[in-house]
Number of protein chains: 2
Amino acid sequence: MPRKPIETATAAVAREPVTRERAVRLAVALADAGGIESVSMRKLATELSITPMSLYYHVKSKDDIFDGMLDAVYSEMHVPGVDVAWRAAMLERARSTRAVLARHPWAISLDARTSPGPATLGHLDATIGVLRAAGFSMPLVGHAMSLLDSYVQGFAMQEATLPLDASGDIGAVTEDILAQQEMMSNAFPNLAEMAATLILQPGYAYGNEFEFGLELILHGIERMHRSTESG
Amino acid sequence: MPRKPIETATAAVAREPVTRERAVRLAVALADAGGIESVSMRKLATELSITPMSLYYHVKSKDDIFDGMLDAVYSEMHVPGVDVAWRAAMLERARSTRAVLARHPWAISLDARTSPGPATLGHLDATIGVLRAAGFSMPLVGHAMSLLDSYVQGFAMQEATLPLDASGDIGAVTEDILAQQEMMSNAFPNLAEMAATLILQPGYAYGNEFEFGLELILHGIERMHRSTESG
DNA sequence: GAACGGTACCATACGCTGTATGGTTTTGGC
DNA sequence: GCCAAAACCATACAGCGTATGGTACCGTTC
């Protein structure tokens, strides 16, 4: 039990009790602000007004916190109901996943973690449910989800790598690139041409590539699905 | 200059001089053996028979070593020549990338790094060259590469997450999963069904999903390419 | 009202990390 | 033999995760 219950009248401010959830929530905020490496047990403990070792009463290890953070991120994603048409559901799921991962870029590297939490599992379960309800065979569900998830996760990773400003345009590095332009033209002519005629053009934003790939993939899955239905 | 040139006759064993390349090569070996977190400046220095601070004469920082490691990995990938048909070239590139990333799983997390080396840039340049030679418009090159690279990288990441034994089958965790099977059946029925009827079946190996997605994507790109050629 | 078991917290310490600072030695060329 | 540059080194600092072994407080029970 907490030393100072919320009902304590003596304290002017009812202090929120320390829990794993609160620690995880705080860790997410820290990571959002300064990247994953700015999450430390000592910093977390300080923010919770306890000593580092006291944190271990609520949490098994730092990895335990990472697991919690990843599951917290998954819980931000939309989980479509089974009544939605599968294509719209997958589209929404992909867009939502990308948006959430763009909001928490540190989560992408945590994604390689091997102990999924309830939100993660629920997310997967719901997705399988949608495809099954639409008549997908189990192997096709496997194909479709592997393909979609690989693409979305990979895209999020590529996107996180790019040095973008808030608008999605190429940011401050543009000058640096232009400075090296001549050197690049010699060694990597195709890359230089692509930079000049596509990427550095005013209207270009890498984020727009997302929908192209997504449409192509969904189109292909649709084709597969129809062929198994009729065949 | 090296203290003991290779030609030195006094030393029974001609000691290889310490260089950035050698440090990076060693770091790759360390990471292959024990994961990325087993790469430390102190361990590297010890293996090179120098003190930690001496390493900084050859290398700018630990991040510099990471950059080198990633570029070393990229240099292991096949770079197809422009004379190869684009589809075969992309297929080969994707397979090679996946194989190399499976050999060095730690490289996947390093991939988010923002200072590409010469091998990385050369790899990109060659790929653009193949597509351009095949008549792809620059925007279509952008679409195709974003899609392919996102998929391959995402797949490699998913694959690295899975607890696989050498054969590619689900390994020792199978019993753990089966133990939790009943609990899962209640909370996540679709997931449980998929595990039982697909993933835990004898013949199933997640790695096989790779080719399905790859074919679907290449098929889609081919369609796009043809439509821009004829249209 | 005293004793008790669990809950929540804490102090100290160990071994590890990357690297800043400011030397010292060794070397090839003159 | 001298010198600048190259290669290397010792010391130190601030931070990290966490093992170990405590201590203060709580509601419950006798």
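Quick note on labels: first sequence line is chain A, next is B, and so on, each numbered from 1. This is a predicted model, so every value here is computed, not measured.
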Applying side-chain hydrogen bond (donor to acceptor under 3.5 Å, both in side chains), name anything that partners Arg25(A), two or more places apart in sequence or on another chain. none

Whole angstrom value for the distance that separates P of dC9(C) from CG of Leu48(A): 9 Å

Rounded to whole Å, please give me the gap between CZ in Arg20(A) and P in dA8(C). 15 Å

dA8(C) phosphate, OP1 or OP2: any side-chain N/O from Tyr57(A) under 4.0 angstrom? yes

Expected output: side-chain Tyr206(B) to main-chain Gln158(B) donor-acceptor under 3.5 Å: no

Please report, rounded to the nearest Å, how far the P atom of dT25(C) is from the CD1 atom of Ile50(B). 18 Å

Who are the side-chain hydrogen bond (donor to acceptor under 3.5 Å, both in side chains) partners of Ser54(B), not counting sequence neighbours? Thr51(B)

In chain order, what residues pass the salt bridge (charged side-chain N to carboxylate O under 4.0 Å, His left out) check against Arg98(A), with sequence neighbours excluded? Glu159(A)

Quick one: do Asp32(B) and Arg103(B) make a salt bridge, cutoff under 4.0 Å? no

Please confirm whether the backbone N or O of Arg42(B) pairs with a side-chain atom of Thr46(B), one donor and one acceptor, at under 3.5 Å? yes

Below 4.0 Å: OP1/OP2 of dT7(C) and any side-chain N or O of His58(A): no

Sorted by chain and number, sequence neighbours left out, salt bridge (charged side-chain N to carboxylate O under 4.0 Å, His left out) with Asp125(A) holds for none

How large an angle, rounded to 10°, do the end axes of the helix from dG1(C)-dC30(D) to dC30(C)-dG1(D) enclose when each is built from five base pairs? 20°

Taking Arg113(A) first and then Asp71(A), would you say they form a salt bridge - that is, a charged N and a carboxylate O separated by under 4.0 Å? no

Let me have a per-nucleotide readout for nucleotides 10-19 of chain D, 5' to 3', with B, S or -, counting only protein heavy atoms under 4.0 Å. BBB---BBBB

